[in-house]
Each structure stands twice: as C-alpha cells, then as structure tokens.
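Notes for the one structure printed next.
Bear in mind the structure is a predicted one, so any value in this text is a computation, not a measurement.
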Amino acid sequence: MRSGWALAAAAGLGVMGVQGAAQAQGGLTVYGSFDIAVDQIKKSEGNVQGTLFGVAGGRPVPNAVAAPATSTSRMSTSLTRQSYLGFKGNEDLGGGYQARFQLEGGFTPDAGTISNDGRFFGRVAWVGLTTPVGEFRLGRQAAPLLVAYYFNSVERLGSTDILGAGVTVNNLQVYQDNMVSYTLAQGPWLAQLTFSPNAGVGPRVSAARSPSSNANTGQIIGGATAGTEDSSGRGRTVGAMVAFTQSDLTLVAGYHHNRFGVPFGLATAQGFVPLFNAESFSSYMAGAKYRFNSTGTEVAGNFYRGQFKESGDGDPRITSISGAVKQSIGFIDLIAQVSDNKFNNFTKGKNLAYTFGAEYNLSKRTAVYLRYAQVEDKRGNIVRSPLNPALTLAGGPTTMLLPLGALEIPVLSGAGTQMDATTRLYGVGIRHAF
C-alpha cells in the first residue's frame, strides 16, 4: 500500500494545479499560475434565421446583421491554463490526523480583475480533516467530474483545452458551493463522494452574471449568489468519482446529479423570459490516459453523457467524445485534441472542435506557447420553447447552453461561438506557475 493519505493530499492539490512543495509538519504555501496571450478571433457569418436570435422587435433580421462575420484582435487570458492565486496550509495533529485548508481565486491578468463573478476565492474555499479512514472537507470545492477530468487531461483546463468539453456542459460539474466531500486513497485507487444542499442554483437561471444578476433577471448556474440554501431543494447535488493510476496508465470514471426545479430563460431589458422548466440534470463520464515510455507520447480519451429533465417532453441529451495526444521533443511539447459534442435529440445540433498547440518550456514553471483552436457549430433542427412556443431555438450544446447560463469555463477565453458557423482562434502567449 502507498502512503494513502499522502496520495489523497497530492491528488487534491494536483486538481488545482498546485506547484508548491509538500509540508509534512505544517505551514502555509502561496502558489498560483499566470496565463496570458495575444490572439485573434475570426467568426464566419452564422445562420440564426428562424430562431429568436434572428428577430428584433418582432421582425426578422438578416444574418449579416444578427450574426455577422467578424475578426477581433485581443489580449486574452487562460488559454492553456486558468490564472489563479491560492493559499494552502496544513497542521500535523499526530496519530494519522491532519488539519488542512485551501483558498483559491481566479483572476484575469490582462486587466487585473477577479474572475468567477467577482468572488475573491471563487475556485475553492474549504477546510478539511485527514484521518486514518479518509479525508473530509467542507466548503466550495472542485466537483468530482472535474477531479476525474484532471486525472485524464494531457494539460489543464484552459479555454482551448477541449478534452473536457462535456464536463463543462453544466457549471455544477466544475465547482460547487456548500460541498461536503469524503475522499479515500488506497494503493493506486482514489475515490470521492460528495453532497451539496445547493451547489449553486438560484430561483431562476439565465446567462446574467453577478453582481448585476438578481432573482428577477436570473443568473448563471453556479452564480455568486445562487448557492443560498432553502427548503425547495433546488441545487441539491451528489457526485462520485474513482481513479486508478499505476505506472503509465490512468483510468477514471465519474457521476453527477443535480436538482433544478426552476425555470431556465433569457435575461432581457424587459425582464426574465422563461423558456424551460428544468427539473434535474444527470451525467457520467469514463476516460483513460496512457504514456508510452519508449517515445514519451501521451494519449487520452473521454466519453461523456449528460441528460436534462424538464417539465415538457424535450429532455435534451448530450454526448461528448474527445481525444488528445501530446508529444514531448526535448523542451518542446506538441498537443492535438478533437471533441465531438452533440445533442442526441432536441435540436440534434453539434459542435465539432479542434485544438493544435506547441509549447516551448523555458523551465519547469515557465513556457511560451502557440495555439490554434476551432469550433464548428451545426445548428440542427429548430425547436420551440415549451413555455413560450413562439420562441424558437437551434444550435449545438455549446452555442445553445451558453445563452441559457449553463457554461462556466469561457469558450475560447470568452469569445463564444456563432450558430451554424465556424469560430477560429490564433494565439501566442506565456504561462508561469509558482
């Protein structure tokens, strides 16, 4: 048997990308990551005709106006890894017991602002107790599906890392408020169970973001004020994951279920427009990663399935299949990824995405990189809102769920995608971890 709880601690810290040294006798570590780039986003003209996005004032608007082709140059953040600042500490209590905590917040280095809707510790904020029979944590934490993804990724969850496209279909699969977690490590195995009375679902869900969002406009799933517990049971979430890591092989699986019981809709100047009464969301994933010792090549793949339940008969079901390969040649890493993310029913739209990258490692902590990323949306069929049949929708999961407030990790660093169009990103940047 390995040092079980050393493994559990290392795994928990590794999920957050911690670079600091382990501390056996206790202490405080400050750590973080900066990722910033200059990029260009090019979008082809979309097709929003026949949907609510192609109408203004009750009149149809041509695609050239409603979804025009664009080219934008930007300074963007977190292309290859999220930018964050964190603090972690532990105290050895003796007898196999250890008190631990972690505080971590995201930021945008281009403007020096706080991400995660202005939360100072918007990624994680928990306190825990390691015991001879497992580790218990209380507070905001990474969701089990995100933990599973980190075990299986060939890099980390930046906005051009599409291997985890399915994982980010629902914000509550990324980080959760009010979480109670139990983690057990035994040899090459690591398992986790979690529960939250409200992981971050407000009384209405829309794409509005805090602090401007409120109970009238709705807010994103996982919004800064969405996790308030009440007697309705909204946001109640359970999750589980298991990982097996031995030598060069990693196998992971995860499960997620959360209750909504609230309307999804649009935040407009006239107020909240409900589109669906969402009841719940369930998902699972399985993945594998292998490293070939002879060449240093890493390959990884994920299968993901998610299912919404709503009061009508739509019940959108999503499938994501993705793969990645990473090849190291001296100080250079080459990365390629592909992801097919689609509605099996509902609109039957899909998003096919590619990423190609090259990194030159100046040191173990600093790299310069190039990225090309592309998302192609096939809008599929037009569907009608169960609550407002006059409002029609289309698009693949990424294009559809972003305006409904279900995506947290910004697509292409906030560039978004265009319905029935291709979005391309060309970027060059630098990343430093400490």
Side-chain angles (χ1 to χ4, degrees), residues 1-19 22 33 80-82 134-135 141-158 160-169 173-175 181-194 239-256 283-306 319-329 333-341 355 357 359 361 364 409 433:
M1 172 180 164
R2 285 188 191 176
S3 174
W5 291 111
L7 175 60
L13 296 177
V15 166
M16 299 296 103
V18 174
Q19 302 295 321
S33 178
T80 68
R81 186 174 299 174
Q82 297 293 293
E135 181 169 277
Q141 301 170 55
L145 278 188
L146 184 61
V147 177
Y149 163 81
Y150 269 98
F151 272 98
N152 203 39
S153 174
V154 297
E155 48 174 336
R156 285 294 179 263
L157 191 59
T160 58
D161 186 352
I162 59 173
L163 186 68
V167 173
T168 61
V169 165
Q173 297 172 147
V174 183
Y175 297 105
S181 70
Y182 170 70
T183 306
L184 178 65
Q186 185 76 23
W189 294 94
L190 182 76
Q192 185 180 58
L193 296 173
T194 67
M241 65 80 60
V242 61
F244 173 86
T245 302
Q246 192 167 57
S247 186
D248 296 313
L249 175 67
T250 298
L251 302 173
V252 295
Y255 170 78
H256 170 93
S283 63
Y284 62 88
M285 64 84 70
K289 180 171 68 174
Y290 186 77
R291 183 179 186 276
F292 294 89
N293 255 324
S294 58
T295 62
T297 306
E298 288 184 74
V299 293
N302 280 337
F303 174 83
Y304 171 92
R305 173 66 58 83
T319 297
S320 178
I321 300 174
S322 53
V325 59
K326 180 178 180 180
Q327 179 65 58
S328 297
I329 306 173
D333 294 329
L334 302 176
I335 297 170
Q337 301 182 47
V338 61
S339 175
D340 183 48
N341 195 20
T355 295
E359 301 185 354
N361 296 291
K364 291 184 178 180
I409 302 298

(request) Please lay out, stage by stage, how Leu190 and Thr245 fare under the test side chain to side chain contact (heavy atoms under 4.5 Å, CB included). (result) CA-CA 8 Å; Leu190 182 76; Thr245 302; over 6 Å; no
(message) Exactly one of Val147, Asn152, Leu146 should register a side-chain contact (heavy atoms from CB on, under 4.5 Å) with Tyr150. Which one does?
(response) Leu146
Identify the two heavy atoms, one from [X] and one from [Y], that lie closest to each other, and give their separation to 0.1 Å.
| X | Y | value |
| --- | --- | --- |
| Ser181 | Thr194 | CB-CG2, 3.7 Å |
| Ile162 | Gln337 | N-OE1, 3.1 Å |
| Gln82 | Gly158 | NE2-CA, 3.9 Å |
| Ala148 | Ala253 | CB-O, 4.4 Å |
| Ser320 | Ser339 | OG-OG, 3.7 Å |

[X] side chain to [Y] backbone, donor-acceptor under 3.5 Å:
| X | Y | result |
| --- | --- | --- |
| Lys289 | Glu298 | no |
| Ser322 | Leu163 | yes |
| Thr355 | Thr160 | yes |

(message) side chain to side chain contact (heavy atoms under 4.5 Å, CB included) for Leu145 and Tyr284? Distances and angles first, verdict last.
(response) CA-CA 8 Å; Leu145 278 188; Tyr284 62 88; over 6 Å; no
(message) Just by distance, no angles: are the side chains of Ser283 and Gln173 close enough, under 3.5 Å, to form a donor-acceptor pair?
(response) yes
(message) Which residue in the set Thr297, Thr295, Asp333, Asn361 passes side-chain hydrogen bond (donor to acceptor under 3.5 Å, both in side chains) when paired with Ser328?
(response) Asp333
(request) Any chance you could measure Tyr182, atom OH, to Glu135, atom CD, to the nearest 0.5 Å? (result) 10.5 Å
(request) Calculate, to the nearest 0.5 Å, the distance between atoms CD1 and CD belonging to Ile335 and Gln327 respectively. (result) 11.0 Å
(message) What I'd like to find out is whether the side chain of Arg291 reaches to under 4.5 Å of the side chain of Thr250, using heavy atoms alone.
(response) no
(message) Does any part of the side chain of Arg81, heavy atoms only, come nearer than 4.5 Å to the side chain of Glu155, both counted from C-beta?
(response) no
(request) Could you please spell out the steps behind the side chain to side chain contact (heavy atoms under 4.5 Å, CB included) verdict for Leu184 and Trp189? (result) CA-CA 8 Å; Leu184 178 65; Trp189 294 94; over 6 Å; no
